[in-house]
Engineer: 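One structure, pasted below without further comment.
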Amino acid sequence: MTVTVVRPPIPVTLAHRPVQGGLVVPWINLKLADGAYDFRAPHRAKVERCWTERRCQICGERIVGVLVLFGGPNQIDTMTFDESPMHPVCATYASKACPMVAGRLATYAATPSVSQGRRGKTCPDPGCDCGGWVPSPGETPGANTGAPAHSYWSVWADDYVLAVRPDGTLHGGQLVGQPRRVRHVSDPPAACPAGAS
């Protein structure tokens, strides 16, 4: 299956971020020792900072006022999210740039992420708080490998409280009060029939 790469215009508020393949690299993504970034692997400590310091996962800046969360059916049902918050402008960009959120992929990637391979064996920053290229507590690398994609919604909200797993590790955030709005972003395309290309 061929996926069309969409490169939406980069907002002025993201001009300070590095770009790879014509796309803004989100603040939470891992930087590899060779200087490239892994779009499919988040930096655990940065994800936690997004939740605990109310930072945007795309630009890394603090969020003052309304925030946006992306989620699938399970997140919408419980209003508990594992994808870090974003500024509205950053979320609008991500909804077009990210192939999963934009609904351009029928399944999650069937191969390991770049950081799980040879290129991800060494962190480029010896003082980094990433904990190495290891999964976050409660996560299994490649758990979604090849799984069907789901629909996405954006939830605009004022605040959240931290959501913690039974073992005490950070899961993400749960909304406080009613969301300002919930918008359907995308549905995944129909999967290709077996043998089709």
Engineer: Using 0.5 Å steps for rounding, measure from the CD atom of E61 to the NE2 atom of H16.
Structural biologist: 5.0 Å
Engineer: Do P26 and F39 come close enough that some side-chain heavy atom pair is under 4.5 Å?
Structural biologist: yes
Engineer: Does anything in residues 179-189 pair up under side-chain hydrogen bond (donor to acceptor under 3.5 Å, both in side chains), and if so which pairs, sequence neighbours excluded?
Structural biologist: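 As it turns out, the side-chain hydrogen bond (donor to acceptor under 3.5 Å, both in side chains) pairs with a partner in residues 179-189, which skip direct neighbours, are S151-D187, D158-R180, H184-D187.
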Engineer: So do the side chains of V47 and Q57 get within less than 4.5 Å of each other, counting heavy atoms only?
Structural biologist: no
Engineer: Are I58 and S84 side-chain neighbours, meaning at least one heavy-atom pair lies under 4.5 Å?
Structural biologist: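 No, too far: nothing below the 4.5 Å cut-off.
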Engineer: With a sphere of 6.0 Å drawn around CD of E53, does it hold more than 12 non-hydrogen atoms of other residues, nucleotides or ligands?
Structural biologist: yes
Engineer: What pair of heavy atoms forms the shortest contact from A41 to N29, and how long is it?
Structural biologist: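 Taking every non-hydrogen atom into account, O-ND2, 3.4 Å.
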Engineer: For the OH atom of Y93 and the OG1 atom of T13, what is their distance to the nearest 0.5 Å?
Structural biologist: 10.5 Å
Engineer: List the residues meeting ring pair (Phe, Tyr, Trp, His ring centres under 6.0 Å) with H171, not counting sequence neighbours, and say none if there are none.
Structural biologist: none
Engineer: Could you tell me the separation between the OG1 atom of T80 and the CG atom of N74, rounded to the nearest 0.5 Å?
Structural biologist: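 The CG atom of N74 is 10.5 Å from OG1 of T80, to the nearest 0.5 Å.
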Engineer: What closest approach, in Å, do P8 and L23 show between heavy atoms, and which atom pair accounts for it?
Structural biologist: CD-CD2, 4.1 Å
Engineer: Under 4.5 Å between side-chain heavy atoms, counting indirect links through other Ile/Leu/Val/Met/Phe/Trp/Tyr residues: same cluster for V19 and V25 or not?
Structural biologist: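 The answer is yes; both residues are in one hydrophobic cluster.
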Engineer: Taking all non-hydrogen atoms of both residues, which atom of V101 and which atom of S95 are closest, and how far apart?
Structural biologist: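 Looking at all heavy atoms of both residues, the shortest contact is CG1-CA, 3.9 Å.
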Engineer: Which heavy-atom pair separates P88 from V68 by the least distance, and what is that distance?
Structural biologist: CA-CG2, 3.7 Å
Engineer: Nearest 0.5 Å please: distance from the CG atom of D159 over to the CZ atom of R54.
Structural biologist: 5.0 Å
Engineer: Only pairs at least two apart or in different chains count here, so list each ring pair (Phe, Tyr, Trp, His ring centres under 6.0 Å) that has a residue in residues 45-87.
Structural biologist: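 Matches after skipping sequence neighbours: W51-Y160.
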Engineer: Consider only side-chain heavy atoms of I, L, V, M, F, W and Y, link residues closer than 4.5 Å, and tell whether V89 and I10 are in one cluster.
Structural biologist: no
Engineer: Linking I/L/V/M/F/W/Y whenever any side-chain heavy atoms sit under 4.5 Å apart, do L162 and I28 land together?
Structural biologist: yes
Engineer: For Y108 versus A149, what's the shortest heavy-atom pair and its separation?
Structural biologist: CE1-CA, 4.2 Å
Engineer: Can you tell me how far SG of C56 sits from CE of M86, rounded to the nearest 0.5 angstrom?
Structural biologist: 7.0 Å
Engineer: Does a side-chain heavy-atom distance below 4.5 Å link M79 with L69?
Structural biologist: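 No - every pair of side-chain heavy atoms lies 4.5 Å or more apart.
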Engineer: Would you compute the distance between atom CD of E48 and atom NE2 of H43 and round it to the nearest 0.5 angstrom?
Structural biologist: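 The CD atom of E48 sits 10.0 Å away from the NE2 atom of H43.
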Engineer: Between A163 and L170, what is the shortest heavy-atom contact and its length?
Structural biologist: O-CD1, 3.6 Å
Engineer: Does K96 offer a backbone N or O that forms a donor-acceptor pair with the side chain of R104 under 3.5 Å?
Structural biologist: yes
